[in-house]
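What you see below is based on every heavy atom in this structure, not just the backbone, and it leaves out hydrogens, waters and symmetry mates. Below, chains carry the letters A, B, ... as their sequence lines are ordered, and counting in each starts from 1.
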Protein chains: 2
Amino acid sequence: MTDQLSRVFAALADPTRRDMVARLTEADHTVNELAAPYDVSVQAVSKHVKVLEEAGLVSRSREAQRRPVHLEAEVFDLMTKWIERYRRRAEERYAALDAVLARMQDEDGPSRTDQEGTAS
Amino acid sequence: MTDQLSRVFAALADPTRRDMVARLTEADHTVNELAAPYDVSVQAVSKHVKVLEEAGLVSRSREAQRRPVHLEAEVFDLMTKWIERYRRRAEERYAALDAVLARMQDEDGPSRTDQEGTAS
DNA sequence: GCATTGTTCAACCAGATGGTTGACAAGACG
DNA sequence: CGTCTTGTCAACCATCTGGTTGAACAATGC
């Protein structure tokens, strides 16, 4: 799990971390503020923030004792690109499959319509 | 980790599984075919497919002894929706912040640039 | 019926993950 | 100075994960 994309997906696999990301779209927050709504220790939240940080999803600045956590938007593009690439290819393939099936129904009789199993 | 979104993100956090998804955009494959390029046992690949299946990313039909693995495109929408929602909000906030900063530079001298902190 | 092929199940193991508590560093402030 | 707040680090624990091997199951082909 060394590459960034893996770290990003892994970070967002946790509902608590996704919720933190959601709240960080509204405003920056300190670790203590982030921890408030959840029924876990501040240390646990600190660990979550660290995971998000290593994934490049957030950054932290220093401001007196506080270390406000700030959401980084660029990483979302990384995910979007990955997803869009494969989604598009998958959809193209379905279109092609539909065409093939249509041609099959067209050409020969309706005798072998049971071949594709549960294919959509 | 009971909800689907968590399962989807967790499934894609593994590079091997992402690669399998990539290959499945080209064509359906059996577990044995999927296992070929990787240096792991067929059982391990079977486990990976199970993870993808429980995330709703793939489905399996039966075709003689074979159980071809088929990519499901709809789940990609689930991720895209989540990502897009927060990305848009994050970007809007940055735009607003930029506007605020520009106005501050405009209006009074550069004497109190430390005030906004974590205010919403 | 029996062997073959493709796939899954069960038990096990090492390492990662998410949580805990306790100690401690760094600033703010009385 | 001492103390309070904020946050991190370290050690520990239970559970999950990704891998292994060996056995079992399912469908087909002789």
Side-chain angles (χ1 to χ4, degrees), chain A residues 1-21 24 27-55 57-70 114-118, chain B residues 1-21 24 27-55 57-70 114-115 117-119:
Chain A
M1 219 231 287
T2 46
D3 62 299
Q4 182 172 20
L5 204 44
S6 295
R7 282 194 295 265
V8 172
F9 280 126
L12 295 178
D14 186 290
T16 302
R17 285 196 291 259
R18 277 206 308 283
D19 190 62
M20 294 201 284
V21 167
L24 287 168
D28 291 357
H29 287 292
T30 66
V31 171
N32 271 291
E33 287 165 1
L34 282 175
Y38 314 123
D39 195 22
V40 296
S41 65
V42 178
Q43 290 94 322
V45 173
S46 181
K47 279 191 187 180
H48 279 309
V49 172
K50 194 176 186 182
V51 172
L52 291 172
E53 190 175 29
E54 281 167 355
L57 279 160
V58 305
S59 63
R60 276 132 132 186
S61 49
R62 178 163 282 286
E63 182 183 292
Q65 319 100 302
R66 288 175 185 76
R67 310 209 353 89
V69 180
H70 173 80
D114 59 333
Q115 263 203 330
E116 71 279 358
T118 62
Chain B
M1 217 231 286
T2 43
D3 61 299
Q4 181 171 22
L5 203 45
S6 295
R7 281 194 295 264
V8 172
F9 279 126
L12 295 178
D14 186 289
T16 303
R17 285 195 291 259
R18 277 205 309 283
D19 190 62
M20 294 202 283
V21 167
L24 286 168
D28 291 357
H29 287 293
T30 66
V31 171
N32 271 292
E33 287 164 2
L34 281 175
Y38 314 122
D39 196 22
V40 296
S41 65
V42 178
Q43 290 95 321
V45 173
S46 181
K47 279 192 187 179
H48 279 309
V49 172
K50 194 176 184 182
V51 172
L52 291 172
E53 191 175 28
E54 281 167 354
L57 279 160
V58 304
S59 62
R60 276 183 269 188
S61 50
R62 178 162 283 286
E63 183 182 292
Q65 317 99 306
R66 289 174 184 77
R67 306 199 14 78
V69 180
H70 173 80
D114 60 336
Q115 257 205 332
T118 62

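Contact annotation: the side chain of B:R66 never approaches that of B:D28 to less than 4.5 Å [non-hydrogen atoms, C-beta and beyond]. Under the 4.5 Å side-chain criterion, counting only non-hydrogen atoms from C-beta, A:L57 is in contact with A:L12. Contact annotation: the side chain of B:V45 approaches that of B:M20 to within less than 4.5 Å [non-hydrogen atoms, C-beta and beyond].
Computed from coordinates, the A:D14 CG to C:dT17 C1' distance equals 10 Å when rounded to whole Å. Separating the CZ atom of A:R7 from the P atom of C:dT17 is a distance of 11 Å, rounded to the nearest angstrom. One can place CD of B:E63 at 13 Å from P of C:dG6, the figure rounded to the nearest angstrom. Residue B:H29 contributes atom NE2, which lies 12 Å from atom P of C:dT7 at whole-angstrom precision. One can place CZ of B:R18 at 15 Å from C1' of D:dG18, the figure rounded to the nearest angstrom. Across the protein-nucleic acid pair, A:R17 atom CZ and C:dG19 atom C1' stand 12 Å apart, rounded to whole Å.
Phosphate contact (OP1/OP2 of C:dT20, side-chain N/O of A:S41, threshold under 4.0 Å): present.
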When you check every protein heavy atom under 4.0 Å of nucleotides 5-14 of chain D, what one-letter string (B, S, -) results, 5' to 3'?
-SSBB-B---
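Shown here are the side-chain hydrogen bond (donor to acceptor under 3.5 Å, both in side chains) partners of B:E53, two or more places apart in sequence or in another chain: B:R60.
Pairing each heavy atom of A:A55 with each of A:R7, the nearest pair is CB-O, 3.7 Å. Closest approach of A:V58 and A:L24 over heavy atoms only: CG1-CD1, 3.9 Å.
When each of A:V51 and A:R62 is assigned the nucleotide of DNA chain C bearing its nearest heavy atom, the one mapping closer to the 5' terminus is A:V51.
Of the candidates D:dA26, D:dG18, C:dG19, the closest approach to any side-chain atom of A:H48 belongs to C:dG19.
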